Amino acid sequence: MSSKYNLPRGTYDILPDVSYKWEYIIGVFKNTAKLFNYKEIVTPIFEEADLFERSSGETSDIVQKEMYKFTDKKGRVFALRPEGTAPVVRSFVENNLAASAGIQKLFYTGPMFRYDRPQKGRYRQFYQYGVEAIGSNHPYVDAEVIALFYTFIQKLGLTEFEVQINSVGNAKVAERYDQALIEYFTPHKDELCFDCQTRLTKKPRRLLDCKVKRCREIGQAAPVMLDYLDEECTAHFEQVKTYLNQFKVPYSVNPKIVRGLDYYTHTAFEFLNHKLGAQNAIGAGGRYNGLVEQIGGKSLPGIGFAGGFERLLLSMEEENLFSGEELIPQVYIVAIGEKAQAQVASIISLLRQENISVEYDPEKTSLKAQMKAADKIKSPYALILGDDELERGVVTLKYLQERKQIDLAISDLSSYIKS
RNA sequence: GUGGCUGUAGUUCAAUUGGCAGAGCACAGGAUUGUGGUUCCUGUUGUCGUGGGUUCGAGCCCCAUCAGCCACCCCA
């Protein structure tokens, strides 16, 4: 019970009874991304801390309190990556991927790290999947990214989720809108919660998704971002919606979606599962037209999303979408008698060369124990090797579900099992 | 960083006012010697999260600490 070492807070081990589910989800994601012609990119799990500090914004919680920062032996300051977009864009710029023709369509999976207090669906080391499409401001790309996410979720079989979209405009629009919010909320300043009073000066848009009742009430009549969009932003948003309809992605517009990170522009979207509890976003994303330039590349637009594997897993378990897909060996070897046990390996090796998966447990010697084990792991076949049979060059193959068995020459074995 | 609940066998959970640590499941062995699933019998497993304190005596009370869960916050 009490082992000497414990895993760090907010982390967890993925044990064999769950790892096959992970493999499945990751597989579906990769296949979906490839269906949309996205290519995999793998970046390190740590980067210069400054990369995240500049791109996410100094006021974001990620930067202010959630980063795992450390200094290496030369005094360089690194951080375990808290999110995936900035590293991908860094790699894009550093490797000059802009030089190749067309839009760069990239996907990734891997662990992210945030020093948060753990709770349902929230961990300190958590696993994300995501895509980034860099090099186009066309609304088609916005819709396609959302459609990719939607297709992925559909392939998993999930039904309990909702797609919400919004436009957060461009920098100019955002500035005007923030100003309007400040003007609207300042007269009510004393009624706002403590957090919102600081938000008012730092990040007025954050006021809108405050959960305090009074703040919500006041926010009801607040100016709406969509009314402040200029002509270009509105046109972009409308076209995104048109393409989404063509992709047959059901969505609703939620004008209160805001992004925690500074670099978002235009389209913002969230995939929500309301049955998950407080941490109900299974994925989110948006357009980031200023980010590539900010990180030191050309002025190129981009859009992407990221989602958390843990929350998908929770959602899928909620909807009972896993059937037993754990690895089952095709053949369980039952060796009886010392002679048979002494030469099992040659038969096992024969089968494996034919790509037939085999399990044998040398610790179990009695027939009964081995048959029991064969049954327990649900192996379809038991291959019984007895001293008598081996002398005749024969083995007994038993089809466990039908309780039937036949004697076979060893040379006929693999072809028989395959058919 | 804040709050609430929780921590006992591999696992799920019991243990009355403080008085000999238990059960189901799982696991192992067995029920006429070479045939599994049901059934029956038998058996193994404990740093009671950790460290202090109170007491003749603590799984139970007190303090601290660690961890988990849920929520705030924030987000995936």
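Here is the naming used below: chain letters follow the sequence lines, and residue numbers restart at 1 for every chain. Just so we're clear, the structure is a prediction, and the values are computed from it rather than from any experiment.
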Inset, instruction - For A:Glu338, look at atom CD and say whether over 12 heavy atoms of other residues, nucleotides or ligands are found less than 6.0 Å away. - result: no
Inset, instruction - Would you mind pulling out the nucleotide paired to B:rC60, Watson-Crick or G-U wobble, both distances under 3.5 Å? - result: none
Inset, instruction - State the pairing partner of B:rA67; accept Watson-Crick or G-U wobble contacts with both distances under 3.5 Å, and report none otherwise. - result: B:rU6
Inset, instruction - For A:Gln405, answer base if it contacts any base atom (sugar-phosphate contacts may also be present), sugar-phosphate if it contacts only those atoms, and nothing otherwise; contact means non-hydrogen atoms under 4.0 Å. - result: base
Inset, instruction - For B:rC27 and B:rG34, measure between their P atoms and round to the nearest Å. - result: 23 Å
Inset, instruction - May I have the step-by-step check of side-chain hydrogen bond (donor to acceptor under 3.5 Å, both in side chains) for A:Asn289 and A:Asn137, ending in yes or no? - result: CA-CA 8 Å; A:Asn289 284 352; A:Asn137 188 39; 2.9 Å; yes
Legend entry - For atom CE of A:Met67 and atom P of B:rC75, their distance in whole Å: 15 Å
Inset, instruction - Indicate, yes or no, whether a donor-acceptor pair under 3.5 Å links the base of B:rC75 to the side chain of A:Arg311. - result: yes
Inset, instruction - Measure from NZ or CZ of A:Arg124 to the centre of the six-membered ring of A:Tyr115, then state whether that distance is under 6.0 Å and the direction lies within 45° of the axis. - result: yes
Inset, instruction - Using a strict 4.0 Å threshold on nitrogen-to-oxygen distance, state whether A:Lys105 and A:Glu144 make a salt bridge. - result: yes
Inset, instruction - With heavy atoms under 4.0 Å as the rule, sort A:Leu312 into base, sugar-phosphate or nothing. - result: nothing
Inset, instruction - Name the residue closer to the 5' end of RNA chain B, choosing between A:Glu310 and A:Ser366 according to the nucleotide with the nearest heavy atom. - result: A:Ser366
Inset, instruction - Classify the nucleic acid contact of A:Gly84 as base, sugar-phosphate or nothing, counting any heavy atom under 4.0 Å across all strands shown. - result: nothing
Legend entry - Nucleotide nearest A:Leu367 when distance is taken to its side chain, options B:rG34, B:rU2, B:rC75: B:rG34
Legend entry - Separation between the P atoms of B:rG19 and B:rC61, rounded to whole Å: 11 Å
Inset, instruction - Would you classify A:Tyr123 as touching base, sugar-phosphate or nothing, given that sugar-phosphate means primed atoms plus P, OP1 and OP2, and contacts are heavy atoms under 4.0 Å? - result: base
Inset, instruction - Would you indicate what A:Ile282 reaches in the nucleic acid, counting non-hydrogen atoms under 4.0 angstrom: base, sugar-phosphate, or nothing? - result: sugar-phosphate
Inset, instruction - Return the 5'-most residue of the pair A:Lys364, A:Leu385 with respect to RNA chain B, ranking by each residue's nearest nucleotide. - result: A:Lys364
Legend entry - Atom-to-atom span, NZ of A:Lys120 to C1' of B:rC73 - whole angstrom: 19 Å
Legend entry - Integer-rounded Å distance: B:rC73 C1' and A:Arg122 CZ: 7 Å
Inset, instruction - Determine the interatomic distance between P on B:rU6 and the same-named atom on B:rA14; round to the nearest Å. - result: 11 Å
Inset, instruction - Taking only the side-chain nitrogens and oxygens of A:Lys376, find out if one of them lies under 4.0 Å from OP1 or OP2 of B:rC27. - result: yes
Legend entry - Same-atom distance (P) from B:rC48 to B:rC69, integer angstrom: 24 Å
Legend entry - Distance between C1' atoms of B:rU8 and B:rG49 (Å, rounded): 10 Å
Legend entry - Quiz item: A:Lys398 side-chain donor-acceptor pair to B:rU35 base, under 3.5 Å: yes
Legend entry - Pairwise C1' distance, B:rG18 and B:rG53 [rounded to whole Å]: 15 Å
Inset, instruction - Round to a whole Å and report the spacing from CG of A:Leu272 to P of B:rA76. - result: 12 Å
Inset, instruction - Scan every strand shown for a Watson-Crick or G-U wobble partner of B:rU32, both distances under 3.5 Å, and answer none if you come up empty. - result: none
Legend entry - Side-chain donor-acceptor contact under 3.5 Å, A:Glu389 with A:Thr396: yes
Legend entry - Touch class at under 4.0 angstrom, heavy-atom based, for A:Ala306 against every strand present: sugar-phosphate
Inset, instruction - Any salt bridge (Lys or Arg N to Asp or Glu O under 4.0 Å) involving residues 14-31 of chain A? Give me the pairs, sequence neighbours left out, ordered by first then second residue. - result: A:Lys21-A:Glu317, A:Lys30-A:Glu40
Inset, instruction - Just call it for A:Lys368: base, sugar-phosphate, or nothing, with non-hydrogen atoms closer than 4.0 Å on any strand. - result: base
Inset, instruction - Report yes if a donor N or O on one partner sits less than 3.5 Å from an acceptor N or O on the other, where the partners are the side chain of A:Glu389 and the base of B:rG34; otherwise report no. - result: yes
Inset, instruction - Consider the side chain of A:Phe126, meaning its heavy atoms from C-beta on, and name the nucleotide among B:rG34, B:rA71, B:rA76 that approaches it most closely. - result: B:rA76
Legend entry - Side-chain donor-acceptor contact under 3.5 Å, A:Thr85 with A:Glu132: yes
Legend entry - Heavy-atom closest contact (A:Glu270 atom, A:Ala284 atom, distance): CG-CB, 3.9 Å
Legend entry - P-based separation of B:rU42 from B:rA58 [nearest Å]: 35 Å
Legend entry - Complement of B:rG1, any strand, by Watson-Crick or G-U distances under 3.5 angstrom: B:rC72
Inset, instruction - Could you tell me whether A:Glu363 contacts a base, only the sugar-phosphate backbone, or nothing, with contacts defined as non-hydrogen atoms closer than 4.0 Å? - result: nothing
Inset, instruction - Kindly indicate, with the supporting measurements, whether the criterion salt bridge (charged side-chain N to carboxylate O under 4.0 Å, His left out) is fulfilled by A:Glu160 and A:Lys275. - result: CA-CA 8 Å; A:Glu160 296 286 343; A:Lys275 291 195 169 172; 3.5 Å; yes
Inset, instruction - Give the rounded distance in Å between these two atoms: NZ of A:Lys65 and C1' of B:rC75. - result: 11 Å
Inset, instruction - Give none if B:rC27 has no partner; otherwise give the nucleotide forming a Watson-Crick or G-U wobble pair with it, both distances under 3.5 Å. - result: B:rG43
Legend entry - Donor-acceptor pair (no angle test) under 3.5 Å: A:Gln119 side chain, B:rC73 base: yes
Legend entry - Atom pair distance, as rounded to whole Å: CD in A:Glu270 and C1' in B:rA76: 10 Å
Legend entry - Spacing of the P atoms in B:rC60 and B:rG7 (rounded, Å): 11 Å
Inset, instruction - Please state how far atom CG in A:Asp116 lies from atom P in B:rG1, giving the value in whole angstrom units. - result: 12 Å
Legend entry - Selection from B:rA76, B:rA67, B:rC73 that lies nearest to any side-chain heavy atom of A:Arg9: B:rA67
Legend entry - Closest listed nucleotide, where the reference is the side chain of A:Arg114 and the choices are B:rC72, B:rA76, B:rU35: B:rA76
Inset, instruction - Grab the NZ-P distance between A:Lys372 and B:rG34 for me, whole Å please. - result: 15 Å
Inset, instruction - Under 4.0 Å between any heavy atoms, over every strand shown, what does A:Gly121 touch: base, sugar-phosphate, or nothing? Just pick one. - result: base
